[in-house]
Each structure stands twice: as C-alpha cells, then as structure tokens.
Protein chains: 2
Amino acid sequence: MKADATTDPELACPISPVVDIVFSRWTTPILWSLHTFGRQRFVELERRVTGITPKVLTQRLRQLERDGLVVRTYHPEVPPRVEYEISELGRSLAPLFAHLTEWATANLGHVERAREEYDAAGSPR
Amino acid sequence: MKADATTDPELACPISPVVDIVFSRWTTPILWSLHTFGRQRFVELERRVTGITPKVLTQRLRQLERDGLVVRTYHPEVPPRVEYEISELGRSLAPLFAHLTEWATANLGHVERAREEYDAAGSPR
DNA sequence: CCGTATCCAAATCGATACTG
DNA sequence: CAGTATCGATTTGGATACGG
C-alpha cells in the first residue's frame with residue numbers, strides 16, 4: 001500500500017505524492033513512449049520499453065490506468081487487440097517533462113563531474 | 001549499481017537519468033527540508049524527515065553529496081558537528097519543484113477521482 | 001553528536017511457463 | 001495477442017546496538 005501525505009508524516013513534503021504517481025519505476029519510459037509514439041498495443045510497448053517483462057508492464061499499465069494517466073481500450077476481436085494511449089491528464093505532464101529534460105541537458109554534466117570528483121577524493125578524511 | 005541511458009536501452013527515455021538522481025527514495029523530502037529550512041545538522045534532518053532511520057538518511061545524504069546536490073560540512077569540534085546544505089546545483093532544481101507542486105495542486109484531485117472511479121468499477125467485464 | 005555494523009523482513013524484479 | 005501464475009533471486013528498508 002502507498003502512504004499519503006496527510007496520514008504519513010514522512011511525506012511532509014508537498015511533492016512526494018506526485019513523485020509516487022509520476023516517477024515510480026518504469027512509469028517514465030512508458031509515458032514517454034506513449035507520448036512520443038502515440039497509441040500503442042501491448043507488444044509494441046513491450047518492445048519499446050526495453051527490458052521490461054510482460055508481468056511488470058501489466059502492473060505498471062494498470063497503475064497508470066488507475067491513476068487516470070493512461071487509457072486502455074479493449075477491442076474484442078480474434079485475436080484480441082488492446083491499445084494504450086496517454087490521457088488528457090497524462091498529457092498535462094508534458095511541460096513538466098520538458099522542464100525536466102531541460103534541467104537534464106543543462107546539469108547532468110555537472111552531476112557527472114561532481115561524481116568524478118567525489119570518487120577521485122577516495123575515502124579521505 | 002545504476003544503469004545509464006547510453007548503455008542501457010531500457011532507459012531510452014531522456015528523463016530517466018534525472019529521475020534516478022532527483023526522485024529516488026527519500027531524496028525529495030530531504031532536498032525539500034534543506035531547501036525550506038536551510039542548513040541543518042544531521043539530527044535536525046532526522047527529525048524533520050519523519051520515519052527515516054539514521055542508516056538510510058546517511059545513505060541518501062552520501063548519494064546527494066556525491067551527485068553534487070548537497071554540501072556536507074564537517075566541523076571537528078567536541079562533540080563533532082556536521083552541517084548539510086543544498087548546493088548551487090541543488091538549488092537549480094527549485095523551479096522544477098515549484099512546477100511539480102503546481103501540477104500537484106491542479107491535478108492531484110483528478111488522480112484521486114480517477115482512482116475512485118477505477119476502484120468503483122470493480123473487476124467488471 | 002554523527003554516524004556505522006549487523007541482521008532480518010519485506011517489497012520488487014526477473015525468468016519462465018502457460019491460458020483465453 | 002495479451003496477458004496471468006508461479007517461483008526464486010535481488011534489492012531495499014527497518015530495528016537495534018554500538019563506536020569515535
């Protein structure tokens with residue numbers, strides 16, 4: 001079960017709830033794939049989100065669907081066809097993701113260099 | 001060990017690397033506390049970030065220090081005194097966090113309602 | 001005060017196999 | 001195709017106790 005900011009003091013940080021929803025494992029690659037390549041079937045996502053297993057993909061898709069970020073459409077054909085697409089609500093994350101990408105472009109190098117320095121310092125006193 | 005976008009295709013999503021750095025467990029409450037209440041000592045953080053154990057707090061602080069988001073200052077006194085503060089780089093996340101908070105304010109309710117609907121639908125066919 | 005060490009519980013993941 | 005079931009491996013976290 002997930003904690004929530006109002007009941008759990010450990011999350012007395014206004015953004016923790018969002019983080020749980022938007023940045024839990026595998027969600028960003030999935031949302032990004034849906035956002036970038038549009039509506040997709042299960043196998044397409046499976047191929048695109050490299051390394052994910054069908055089990056985990058299902059779990060994450062269900063969670064995203066439950067949170068209203070993704071819409072699942074089932075076509076009762078033979079063979080069955082299911083399509084996933086980003087919802088309106090999911091699309092509203094786009095500027096946020098863009099912002100994140102900007103920060104990455106500008107600062108990921110700094111993080112890299114900070115790590116090198118830190119590691120180079122060894123375990124000094 | 002952490003994967004990285006250039007070596008690991010599963011992260012062929014431009015924002016995954018940032019997520020690993022900025023949104024891994026406990027980091028947002030810690031950064032938020034440092035950002036909001038300023039420079040703090042270990043115990044203050046321990047109290048503020050409710051529920052965290054010293055072990056985990058140390059782990060996360062080391063990681064943040066290594067990534068250059070937090071600065072640790074050791075004062076060799078008796079008793080020893082250590083202070084943590086957000087770095088320049090860490091501060092550069094502020095607009096991003098603000099953006100996140102905005103999204104939360106505007107849309108967290110939608111997520112809540114989506115969940116209720118989803119759960120209300122039960123496991124229907 | 002500021003951590004570290006140790007041990008154990010729990011959550012998550014991954015691999016594999018199988019169904020409607 | 002679109003998943004589910006099962007199981008074991010791995011990672012992560014918490015509790016506790018102790019040290020410089």
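Order of the sequence lines fixes the chain letters, A, B, ..., with proteins taken first and strands second; residue numbering starts at 1 for each chain.
- A distance of 9.0 Å separates CZ of R72(B) from CG of L61(B), quoted to the nearest 0.5 Å.
- Separating the OH atom of Y84(A) from the C1' atom of dA2(D) is a distance of 8 Å, rounded to the nearest angstrom.
- Between dG3(D) and R62(A), a contact under 4.0 Å exists linking OP1 or OP2 to a side-chain N or O.
- Put simply, R47(A) has no side-chain N or O that comes within less than 4.0 Å of OP1 or OP2 on dA2(D).
- Closest approach of H35(A) to A94(A), counting heavy atoms only: NE2-CB, 3.9 Å.
- For R25(A) and dC13(C), the CZ to C1' distance is 7 Å, given to the nearest whole Å.
- In this structure, the CG atom of L45(A) is 13 Å from the C1' atom of dG3(D), given to the nearest Å.
- Across residues 70-80 of chain B, R72(B), P79(B), P80(B) each have a non-hydrogen atom less than 4.0 Å from an atom of DNA chain C (numbered order).
- For the pair Q59(B) and R81(A), nearest-nucleotide mapping onto DNA chain D gives the more 5' position to R81(A).
- Going from atom CG of L61(B) over to atom C1' of dG3(C) covers 11 Å, rounded to whole Å.
- You'll find that the side chain of F42(A) is closest to dA2(D), out of dG14(D), dC2(C), dA2(D).
- Spacing between atom CD of E46(B) and atom P of dC1(C) amounts to 9 Å, rounded to whole angstrom units.
- Set against dC2(C), dA15(C), dA2(D), the side chain of V82(A) has dA2(D) as its closest nucleotide.
- Using five terminal pairs a side, the axes of the helix from dC1(C)-dG20(D) to dG20(C)-dC1(D) at its two ends make an angle of 50°, given in steps of 10 degrees.
- In this structure, E65(A) places its CD atom 9 Å from P of dG3(D), rounding to the nearest Å.
- To the nearest 0.5 Å, the span separating NE2 on H75(A) from CZ on R41(A) amounts to 8.5 Å.
- Atom CD in Q40(B) sits about 14 Å away from atom P in dG3(C), given to the nearest Å.
- Listed nucleotides: dG13(D), dC1(D), dT4(C). Nearest to the side chain of R41(A): dC1(D).
- Taking every side-chain heavy atom of K55(B) into account, dA5(C) is the closest of dC1(C), dA5(C), dA2(D).
- A donor-acceptor pair is defined here as one N or O able to donate and one able to accept, closer than 3.5 Å; such a pair exists between the side chain of R91(B) and the backbone of I86(B).
- Annotation for S92(A) and W103(B): closest pair OG-NE1, 3.0 Å, computed over non-hydrogen atoms.
- Crowding of R113(A) atom CZ: a count of heavy atoms from other residues, nucleotides or ligands under 6.0 Å not exceeding 12.
- For the pair R60(B) and dG3(C), the criterion of a side-chain N or O lying under 4.0 Å from OP1 or OP2 is not met.
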Side chain to side chain donor-acceptor pair (under 3.5 Å) for T27(A) and Q63(A)? Distances and angles first, verdict last. CA-CA 9 Å; T27(A) 56; Q63(A) 179 192 325; over 6 Å; no

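- Atom CD of E77(A) has more than 12 neighbouring heavy atoms from other residues, nucleotides or ligands inside a 6.0 Å radius.
- With sequence neighbours excluded, the residues satisfying side chain to side chain donor-acceptor pair (under 3.5 Å) with H99(B) are H99(A).
- The shortest distance between the side-chain N/O atoms of T58(B) and the OP1/OP2 oxygens of dT4(C) is below 4.0 Å.
- V71(A) and Y84(A) fall into different hydrophobic clusters, defined by Ile, Leu, Val, Met, Phe, Trp and Tyr side-chain heavy atoms under 4.5 Å apart, directly or through other members.
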